[in-house]
Amino acid sequence: MKAVLIESGKVVNVAAAPDETWQPPGGETRVDVSQSHSVAVGWTWDGAELRPPAPSLTMAERRADAAEAVNNAYVACLRRGVTWNGTRWTATDAGRDTLVELHEVAKQDGVSVTVLDANSAAHTLSEADLASLRDAGRTYRRRARERRLSLLQAVEAAASTSDVEAIDETSGWPG
């Protein structure tokens, strides 16, 4: 008869039990399994079922997961947008192009234009305001790209699991 010895929900030993009444001397939980069952040390026991440990990720998989987390944080940063004059502003690529065009119109015609912020509130901006907002957005996006590049370089340079786990993709973004 084959038995596994469980301690804190983990298989700590696989033993040949002499009979059905035998109990482990160390106080571990005994679970009988068939001779053909391929259970091994390290498996988990949830009180009803034995399960093999989850497969370990390769370094390439860990790096890929970390790079995906960095890219997701980058997209979230861009979606948050830039704060300019105390107001949050976001823009898609098309919105940035429109802002540049509005700046040119305001500059040529000497007029102010009305634009919507991230909360859809209207603001009347002069040519100088539009230029300042445009420049703030460019700086924000540049800093976000630099942070993303720095983190992706750290992911690629990681030599161990602990190196990958030490990368904090959630902080240091412009805001």
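The figures here come from the full heavy-atom set of this structure, side chains too, leaving out hydrogens, waters and symmetry mates. What you see is a predicted model; the values in this text were computed from it and never measured.
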*From E127 CD over to R134 CZ, what is the distance, rounded to the nearest 0.5 angstrom?*
8.0 Å

*Shortest non-hydrogen contact from P174 toward R80*: O-NH2, 4.0 Å

_Please confirm whether the ring centroid of W84 lies under 6.0 Å from the ring centroid of H123._
no

_From R62 atom CZ to S56 atom OG, the distance as rounded to the nearest 0.5 Å_ = 6.5 Å

*Does L152 reach the side chain of N71, with side-chain heavy atoms less than 4.5 Å apart?*
yes

*Identify whether V14 and L5 are in the same connected component of the hydrophobic contact network (ILVMFWY, side-chain heavy atoms under 4.5 Å).*
no

_Minimal non-hydrogen separation, K2 against V39, with atom names_ = CE-CG1, 4.2 Å

*Heavy-atom closest contact (D163 atom, I167 atom, distance)*: O-CG1, 3.5 Å

_Heavy-atom side-chain contact between T139 and V82 under 4.5 Å_ = no

*asked:* Donor-acceptor pair, distance only, cut-off 3.5 Å: does the side chain of R141 make one with the backbone of G137?
replied: yes

*Rounded distance (nearest 0.5 Å) linking atom CZ of R147 with atom SG of C77*: 10.0 Å

*Close side-chain approach of I6 and V11, heavy atoms under 4.5 Å*: yes

*Polar side-chain atom of D129 near backbone of S126 as donor-acceptor pair, under 3.5 Å*: yes

*Are the side chain of D19 and the backbone of T21 linked by a donor-acceptor contact shorter than 3.5 Å?*
yes

*Can you check whether Q153 reaches L149 side chain to side chain, under 4.5 Å on heavy atoms?*
yes

*Taking it one step at a time, do E28 and V12 satisfy side-chain contact (heavy atoms from CB on, under 4.5 Å)?*
CA-CA 9 Å; E28 301 94 342; V12 294; 4.2 Å; yes

*Taking atom CD of E146 and atom CG of L151, what is their separation to the nearest 0.5 Å?*
12.0 Å

*Indicate whether any N or O donor in one side chain lies under 3.5 Å from an N or O acceptor in the other, for T87 and N85.*
no

*asked:* If you define the side chain from C-beta out and look only at heavy atoms, does anything of W43 sit under 4.5 Å from V4?
replied: no

*Parallel under 30°, tilted from 30 to 60°, perpendicular over 60°: which one fits the rings of Y74 and W173?*
tilted

*Check: M59 and V164 side chains under 4.5 Å, non-hydrogen atoms*: yes

_N/O donor-acceptor pair under 3.5 Å between R30 side chain and A3 backbone_ = no

